[in-house]
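Worksheet for the structure shown next.
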Amino acid sequence: MKKVRLQPKHTGRKIWSLLLLLFTLYSGALMAQSGTRTGRVLDDGGKPLSGVSVTVKGEKKGTTTDDNGSYSIEVNGNAKLVFTMVGYGSREVDANKAGTIVLAVSHANVDSVVVVGYGAMRKVDVTGAVTSVKAADLLDKPVTNVLEGLQGRVAGVDVALNSGAPGGLASVIIRGIGSINSSTDPLYVVDGVAMENIQYLNPYDISNVEVLKDASATSIYGARGSNGVILITTRRGASQRGTIVSYDASVSDGHLEHEMKVLDSKQWLAVLAGGMANNPIWGAAPRTLNLTDTRLFNTDGSPKYNTDWQKAATRNAISNNHEISIQTKGENSSTGVFMNYSYNQGIMLNSDLRRYNLRFTHDAKLAKWVDFGVNALVNYSKENEVDPTTGANTPTRTMIEMPSIFPVKFPDGTWANNQVSSTFSFLDAAENPAKVLLQQTRLNTRTQIFGNAFLNFHITKDLDFKTQFGTDLQNNQGDYYSPSDLMNISANQKGVASISSEQYAYWQQENYLTYKKNIGEHHLNVLLGASWQERIDETLGGSTQYFADDFYRQYNLSAGAQPNPPTSNFDRWAINSYFARVGYNFSDRYLLTLTERIDGSSRFGANNKYGSFPSVGAGWVVSKEKFMQGVTALDYLKIRGSYGVTGNTEIGSYQSLATIGAGTTLLDGSRVASSSINGLPNPDLKWEKTAQSDIGVEMKFLQDRISFEGDYYYKKTTNLLLNKPIPNSTGFSGVLSNIGSMQNKGVDLMLSTRNIESRDFSWTMSITANFNKNKVLALGNNNEDIFPGPFWGPVSDGFTILRVGQAAGSFYGYKRLGTYSTGEVQDSLATNSSFSHKPGEEKESAQKYILGHGSPNWNGSFVNTFRYKSFDLMVDLQFSQGASIAQAFLFSSEDRTGYSNSLATELNAWTPTNQNTMIQQLRFAPDAGQSAAFDSHWVANGSFIRGRNIVLGYNLSQGELSPFHIHRLRFYVSAQNLFLIMSRQYKGYDPQSVSWNTPGAPPFGQNIEFYQYPKARTFTFGLNMGF
Amino acid sequence: MKKIALFALAAGILVLPSCKKFLAENPKSQESVDQYYQTIDQVQSAVNNLYGTGAGPNNFYSIGGLYDANYAFALDNLSGMSNNVVAQNPSVRYFSSLTQTSDNEANYVGSIWSAFYGQIAMANTIIEKVAGNQSFDPTAVAPLVATAKFYRAMDYYYLVRLFGAVPLILKPYESLSGIYAPRTPVDSIYQAITADLNDAITNGNLADKPIGANGNQISKGTAETVLAEVYLTMAGKPLGQGASAYTLALQTAQALLSSNGGYALFDNSGGTTAFDKLRISSNDQGSEYMYFVEYNSAILQNSLPEYSFPNTFPLSIPNSKLDVAYTLVTQAWTPSTTLLNMYDSANDIRRHEKQFYSTSFNYTTTSGTPASINYGLFMPYRWYDSTALFGTAASGKYISVYRLADVYLIAAEAANELNQDPTPFLTPILNRAYVVPPAIPADQAGRRNLILGERYRELAMEGHFWFDMLRTQLYPDVDASHKVTFSALVGHSNGRGQQYTSTDLLLPLPQSEMQRNPNLTPQNPGY
């Protein structure tokens, strides 16, 4: 294990020594000199900025930069120069240090505006923990979805890309897991409208993202706010008159970063023979290996093939992406049209995601007193998916477990599988992964129509009324066909076809008044509104089998002779809400925000339809105080604190009712209707409540070259929606109730510095980090342990436990103490003749223990950006510390031999001369199976450092471009996932992984892995062009 | 003016009264409980659910993981009469090596527990709702109530034998009041079981015919069979009611045996032995079956045929066009040496090749010569289904739980214990099972050995071994001449080097259930 542990103490020390260093660098003795100061102003991409206003602080004199960004100004003595430009942050620089100045579209800018729920606020006025991410930061590396772009950009937001599959689900946890049965996903709001399946949104559509983390920020979303809120603002028409056309394109090549080490043909045959030779130990009849099948073996018994199945099932994946945007602005209206095509090929054969996006925005001033805006997007995607489940024939499993002695295809062109030879029929039947990938259809087609239209009435100078209608319509279809020659999957059924379709219609209608008034130093910002939301979801599914041939696939279900019963379902929920917010600012020094939302949800019990979610936030801009004026190194200091309550309603509908579950059962040769009661009613069912306190500090030093933001939070979730365990003797295992509580405590840290800024070279750095600790405080009436799963074949007890005092979803299993030695067994038999273990057998503890947890303690990123003349370079490292990963795949790839291929670790198995090992004596499981209990040997340290993105860009100069009528042209190359430093105990591809990540899967699947779709190492070449 | 109008509009929209209907829940895919149990079809649909494999005894006999088989196999395994070499579920292995604890078995016994109580709750609801509704036609609804009572009795019968005193719950829960039910003494549970079964037999308006002739639904004979065995159990351990219970067992069995409902043992006529008839699916609804779990090749498949070939069996049969359609065949249930030795290989037809067991597979090669694959061990042949094995991989073979042979053996055992002559009940069993039927000993103890031994030989693969051991607390020993004698279960070896202790006589109460129900105390002794 390489050390990736980041001790909190050390981090603190490092930050302080860094600060000290930077202080010394920049605040050294300043010489007072008069004279002319010259220099250049560049943007953070290194491009010269013309028209920047340069003034001497406290004086009227000033100038503006020319086309090359150059300026020249006279100063006297210790003056300060102020650089300002619309759209960029202003900067004050000591005249003596003036020279090349970089103006950034800085999220640290005090005057910048951030989007908050139902409106925007000056960053300085915000009392909550809100982090803004601009498109430039989201898209500074190739990304296929917004979550990928957000990864590592916001402290406290843990984005786990758990699969390398195109369109693979990511898990987003803001400030720790805050729920057990309800969703842990944040609420996504795009231009004011809640959106599901955010991963299919075109990342190029985004202008900026705001992450609301604490209660002061999220409580305006009340019952849907407790997992945090991610607000996405999309790009719209041009902001200045004229037309801007831009084109971005990239092409990338991805490949498997490293292979898992498995036994080759000869090693595997030796392991098999070794296991068979040990048969008598287990009382099984002796067996010998039969190596006579001439299709697989030479006459001397040596294997003919040594197939690398990981290579056979993967490929070099070539992807491309094209984005065209046209933005215009006329006198009273602006329009934007955005088109995107992306084809994202996965590294496993035949897996890809094709996405087509078209979006249109129009904003118009209809009259002096009313504005109008509309935003509509159509998103269509087709995804060829690899079986994401944990079955016997999933290619992610079989590409590891298929013995190398079998070829992909025989010389005559026929496919092989592990049952081609009757001398190896003891193997656990598995179909050829390459064949499964190429011949099976698993196609997900998604169509989304999403948008909103609003009217904003300016009733008086200070009072606006906005009415907005938004909708999210989605149609998701899943097509499946598995042909009649896929052994063990669909051969016995002579082909299996199914189509499932889900349609949902969500709409929301929101109306609100905004009142803004400045009276002297009193600034008031009041919001009052109401909202109605409804979502209706209908599903339909049909499946059939026994086809005459493989022609029809899923296109003609009536051709299957043995249809299964069709399925359909209806689901509706509705929310009705009222909300208000008062923001008060005195003299830009003292800030107060009061928020209240009242939500009514259909999902809750008759006795608890409405809930109230208040919050209070306060801020003090210390640096504005007179006593701080002398502290020159410190430019800005704000201290803020908040407390409030938010809720979580994300459970299924109808959970408070006792209903009848209907289906069919077999009786007298046919299906007959059958029914039973689903559970006990709970008319008191209500929201989960999260009370969150937050204390934050925002600081800027040395002319904004260092900015720091830190938050401490404490979240306590009570009324957990828990399937409260009741005695099974009632006939039910639990009643969904509000019981139990859980806490998350942690720290969010963001530090960004501009270390070097000169005419030709600049270096900026940003560190984000989050520390979070989760603890279950109370469960059911008797604080019973709860086993939330995931449950899986041999681990029928489930991998995790909810136990008071422990992190939610801690891994729970036996400890692997080693293997029984010969002497130990002799000694035990001497005292206990019934002792049942044999030498070389795995030794497990008698009791189960907590073995770790799947979520990290520390996670974050370290991003460095360099610019040298026209070149730019970004290096983005991700780190994660403190999570464990449960390698469930060791069950069949290491603990069990004889049914499949094994990992190379099997070569270290117990023998009388190698007794000090965790790997038990070779055993031929078909004759002498072994226990498959989940134990500590499966659990590895899941900490890692990942070289996530490295991007090298080159900007062509204006001079080079002017003949072509191109304003902007940048080429870049990038490498994603370039390296991964992880624990040696971990034997899989990537220690951030989930195998139970399908929708509706148990909530605590993070870092429990039964094989995964490997993440690619990808090289990309791209260009950004503006006309 | 315009502004005032706008303001009024804004204010109006903001204070729109919230509509109560907007937040009401009206599910369309699930019915609410109040609307249910109103018509006889709704009651029938609730009763149909009892026949499913999701709960109750049918769940006990359905395969969980293919390597781990079902709960009934796990008990055979615990009894040492069968072996499962491939089991991966550690719980199955703990039972077979008698290393089970309340901790390591918490989940496994927990699922046994909840599967039975889940069905009890369904039955309780049916019984309660029907009793509370006078609008039903009494003759039409009586068999439905009787079926609910039959299953409730079966559920408690399994629970009380496996766990001892368990909470006796006879009313459905509709809220959380009274959910912490304590353990009810064993004799009260048996009282409830016999009351339910007697009520079903007397007032159930049940057809008096074999289950298969009754549309695979519970018949009077089904209830009588179980009731007879319940009395036999009450006569033995732990209640020890002796003669009074033996009398009731004998009376109940005799009532069934003397009925003219068409109950009859299969015979060896027509060139097919009775035991091969038990195997052949077309006889699944035949006259000998008293209770079974129904399967269907198109709707609900039985995977037991996968246990009829050993692991070594080639799925592609050499020199033939035969391919095993299943992708896995395995040894989750093979007879132990003790069990096999109980049969006289020459005289006992059940032990003949391809009756109850088989040691080889015979076929004809493509060139027309006969060939054979020798297993090197005994595999169960009861579940051999050639259509499923070599064609469809979908077997519709029913799983037999009670047969008329049980009823004869119950009657024989009860009669012998009452010191009456068991010959009339024993002869039909012996006559069809043996080439030359053995002589029935004249002494009661000798007859007991024969009758109990016959139960092992005759009722193999039907999940009865462990329950017989529990109620007799005797373990079979067999000598070279296949003669079976019995000695105390406690202290006897399980054939794998471990000895039964009194702790093993009950399963541990599920630990999670004890956490959930503070009144569920104490834990069974030794755990």
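To find a chain, count down the sequence lines: A is the first, B the second, and so on, and within it residues start at 1.
Of the atoms belonging to B:Ala298, heavy atoms from both backbone and side chain fall under 4.5 Å from chain A. For chain B, the nearby parts of A:Thr730 are the backbone and the side chain; heavy atoms of each come within less than 4.5 Å. With a 4.5 Å cut-off on non-hydrogen atoms, B:Gln119 does not touch chain A at all. Using a 4.5 Å cut-off between heavy atoms, A:Ile575 contacts chain B through its backbone alone, with no side-chain atom that close. For B:Thr125, the part sitting under 4.5 Å from any heavy atom of chain A is the side chain, from C-beta outward, and nothing else. Neither the backbone nor the side chain of B:Asn214 comes within less than 4.5 Å of any heavy atom of chain A. For chain A, no part of B:Ile120 is nearby; none of its heavy atoms comes within less than 4.5 Å. With a 4.5 Å cut-off on non-hydrogen atoms, B:Tyr67 touches chain A through its side chain but not through its backbone. Contact annotation for B:Glu31: both backbone and side-chain heavy atoms come within less than 4.5 Å of a heavy atom of chain A. Both the backbone and the side chain of B:Ile179 come within less than 4.5 Å of a heavy atom of chain A. Neither the backbone nor the side chain of A:Ala285 comes within contact range of chain B; no heavy atoms are under 4.5 Å apart. Neither the backbone nor the side chain of B:Tyr398 comes within contact range of chain A, judged by heavy atoms closer than 4.5 Å. Residue A:Ala658 touches chain B through both its backbone and its side chain, counting heavy-atom pairs closer than 4.5 Å. Contact of B:Gln499 with chain A is made through the backbone alone, with heavy-atom distances under 4.5 Å. Only the side chain of B:Thr99 comes within contact range of chain A, with at least one heavy atom under 4.5 Å from a heavy atom of that chain. Heavy atoms closer than 4.5 Å to chain B are found nowhere in A:Gln545, neither backbone nor side chain. In this structure, chain A has a heavy atom under 4.5 Å from the side chain of B:Ser97, while its backbone stays farther away.
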Start with the C-alpha gap between B:Leu23 and A:Phe604, add the side-chain angles, then the distance that decides, and say whether side chain to side chain contact (heavy atoms under 4.5 Å, CB included) holds. CA-CA 9 Å; B:Leu23 298 183; A:Phe604 292 94; over 6 Å; no
For side chain to side chain contact (heavy atoms under 4.5 Å, CB included), just list the numbers for B:Val86 and A:Tyr899, CA-CA rounded to whole Å, side-chain angles, deciding distance to a tenth of an Å, and then say yes or no. CA-CA 11 Å; B:Val86 291; A:Tyr899 282 120; 3.5 Å; yes
Take B:Val33 and A:Thr659, measure what side chain to side chain contact (heavy atoms under 4.5 Å, CB included) needs, and give me the verdict at the end. CA-CA 5 Å; B:Val33 175; A:Thr659 57; 5.6 Å; no
Give the intermediate values and the outcome of side chain to side chain contact (heavy atoms under 4.5 Å, CB included) for residues B:Thr312 and A:Arg287. CA-CA 9 Å; B:Thr312 50; A:Arg287 261 214 224 206; 2.8 Å; yes
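Of the possible donor and acceptor atoms, one in the side chain of B:Glu25 sits under 3.5 Å from a partner among the backbone N and O of A:Tyr654. Panel note: side chain A:Asn492, backbone B:Ala393; no donor-acceptor pair is recorded below 3.5 Å. Side chain of B:Glu513 to backbone of A:Asn728: a donor-acceptor contact under 3.5 angstrom is found. Not a single donor-acceptor pair under 3.5 Å links the side chain of A:Ser602 to the backbone N or O of B:Ala24. Side-chain atoms of B:Arg516 do not come within 3.5 Å of backbone N or O of A:Pro725 as any donor-acceptor pair. Formation of a donor-acceptor pair under 3.5 Å by the B:Arg93 side chain with backbone atoms of A:Gly929 is found in this model. For the pair A:Ser676 (side chain) and B:Met122 (backbone), a donor-acceptor distance under 3.5 Å is absent.
If you check the side chains of A:Asp668 and B:Gln285, you find a donor sitting under 3.5 Å from an acceptor. In summary, the side chains of A:Ser675 and B:Tyr36 do present a donor paired with an acceptor at a separation below 3.5 Å, with no hydrogens or angles considered. For the residue pair A:Asn488 and B:Thr327, a side-chain donor N or O sits within less than 3.5 Å of a side-chain acceptor on the partner. With hydrogens and angles left out, the side-chain atoms of B:Gln515 and A:Asn782 include no donor and acceptor closer than 3.5 Å.
Of the inter-residue distances, the one linking B:Asn296 atom CG with A:Leu667 atom CG reads 11.0 Å to the nearest 0.5 angstrom.
Of the listed residues (B:Leu315, B:Asn517, B:Leu328, B:Ile299), the one with the most heavy-atom contacts under 4.5 Å to chain A is B:Ile299.
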